[in-house]
Amino acid sequence: MDKMELVYLKGLAKQFPTIASASTEIINLQAILNLPKGTEHFLTDIHGEYEQFNHVLKNGSGSVRSKIDEEFGNTLSERDKKSLATLIYYPVEKLEIVQEEEDNLEDWYKITLHRLVQMTKRVSSKYTRSKVRKALPKDFAYIIEELITEKEELQDKEAYYNEIIHTIIRIGRAPDFIIALCFLIQRMVIDHLHIVGDIYDRGKGPHVIMDTLTHYHSVDIQWGNHDIVWMGAASGHKPCIATVIRIAARYGNLDTIEEGYGINLIPLATFALKTYAKTNCDAFAIKYSDDYNTKDLELDMKMHKAIAILQFKLEGQLIKRHPEFKMEDRLLLDKIDYDRRKIFAYGKEYDIVDTDFPTVDPADPYRLTEEEEAVMERLKDAFRHSEKLQKHVKFLFSKGSLYKVHNSNLLYHGCVPMDENGNFSKVDIYGTEYAGKELYDVLDSYARKGYYAQDKAERLKGQDIIWYIWAGPNSPVFGKDKMTTFERYFITDKETHKETKNSYYRLMDNEEVLNHILEEFGLNTEHSHIINGHVPVELKKGDSPIKCKGKLLIIDGGFSKAYQGKTGIAGYTLVANSHGMKLVAHELFESTEAAIRNESDIFSDSILVETASQRLRVADTDIGVELRASIKQLEKLLEAYREGFIVEKDI
């Protein structure tokens, strides 16, 4: 036994000081390897739609209803199954309705508690007792453990079991106990959650979604382009701040910034009212929803225009200081002929719908005025000092990355940039070219520097990379040649609005290309999958989320209401359990109130992607690899004890 190994084993011996304790742990870990694999739930492109996200999270993309069907079969009517499912999803709200409408509440409590205990037994059956115990709500932990581990059909225990239920009802604890069981069932149905990007923008509730995720029991996140720009804004990067505010203004969601994150936009509002008082803002219409307060419309349009001009100026400055980004085609403010109302772009002249820019100096169009500088400084301070935003972005950094390899799946939001032949694109990042996995890794590293680096120069380099990840032509999460924001505001010719997708999207059904990607990230090409977000699946046009015979799965079907007219559905999610993988297509979601009152679910249809020939065990997962490594080290510790290299303690 070499010296370094002995040092490690002595450290391990502090945790397992005896042969008995090490042996017990080996037995425990070996047994865990043979448990069924936990259920993984994959969601992407949520775009602030917190009600639909919340519902899909609660129902586990149909996993809860599947467990109800498994447990009760034909012994419950369809109506009773729907009622039970709704109760599990929304126990607090459903109980209020039941308490108002139910004639014999005690009987309802008794029947419901028995059913929920059965469900809890079902969903906890593939976990160790230790893991279940850790998930139990503190106030009812002992009682729940007794109920789910005892067999009520045994005559000696039947009275004991029934008396527990009876007493819970008699002392008025039934509602609280029901709520605790429902949340526990939600918790146990899904073992791990993957968010494959784009929590932010479009919808009104990204902050609500982030609050939910920060309390979720097990989650990882692959950053999307809309997440990364918010991360840049939280770091204090002015181009990202302007972008975040502009998008919120465009979709009538400034409340997300002001009320959701407590960021003061009064400096921008005051500036916009004064500077754009007599300015035409028709090009800056608000795409608002039914709950938008139209009394704010005129002010929001002025703020929208003011922040858009600031964005174009700040981006222009950034592009000029980084010629290696190769984004000179985005410099359009200096291509305007104000007298003729024309703009020169793409090698020709176009009419421009608006040239009323009171803060733009044609001789130096990317320079901010003193007032604009002051506004951006105050906005920067507000973003940097938003306690909730900083908490959420730190969570994104701690639980997130640009990609993840997990259980033979490669997860990323956009694409692996490549040319038309499937060769990985080389991208210049501060003087060095990177491609494939190395590109992801260096961008990820710089993004973290942009938030955490103490050195100002390194921090700014990282922040500029964060912005490049948002909109750069070879960004993995953007995946297009350009972002035509300016053109969409000011040029009516839709030819200029086109954003050409990276060649990756035309090669999705090319098995050789996909195998090349899997190999690049160290995965087996026979049994692995790529799980991809970012691009809505246009079901209306016959598009399929399954590419290359299931090797690549796209799970963005249109969570965002802004996309649902295009896609025809309300999103795809993915569930991977011990039996295989299935894609779940969701119906359009009306509201949480309708789901509770009408007991309507949005789970509509599932597509079986892959069925395991044998039920997958923990041994078949990444955790299994870690457990086997731990067992090996513990066995070496046993050997060290028995051969006298290490002496047992505390016997």
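Since we're looking at a predicted model, the values are computed, not measured.
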Report yes or no: do [X] and [Y] form a side-chain donor-acceptor pair below 3.5 Å?
X	Y	value
His226	Asp45	no
His586	Gln52	no
Asp220	Gln222	yes

Can you confirm if the aromatic rings of Phe395 and His215 lie within a centre distance of less than 6.0 Å? no

If the threshold is 4.0 Å, N to carboxylate O, is there a salt bridge linking Asp211 and Lys388? yes

State whether Glu78 and Arg65 are salt-bridged, where the test is any N-O pair (Lys NZ or Arg NE/NH1/NH2 against Asp/Glu carboxylate O) under 4.0 Å. yes

Option passing ring pair (Phe, Tyr, Trp, His ring centres under 6.0 Å) with Trp223 (candidates Trp230, Tyr451, Phe397): Phe397

Would you call the rings of [X] and [Y] parallel, tilted or perpendicular, where under 30° means parallel and over 60° means perpendicular?
X	Y	result
Tyr412	Phe521	tilted
Tyr89	His55	perpendicular
Tyr200	Tyr261	parallel

Given Lys399 and Tyr216, is the side chain to side chain contact (heavy atoms under 4.5 Å, CB included) satisfied, shown in steps? CA-CA 11 Å; Lys399 294 292 185 179; Tyr216 202 76; over 6 Å; no

Please test Leu553 against Met581 for side chain to side chain contact (heavy atoms under 4.5 Å, CB included), starting from the C-alpha separation and ending with a verdict. CA-CA 11 Å; Leu553 305 169; Met581 301 176 80; 4.0 Å; yes

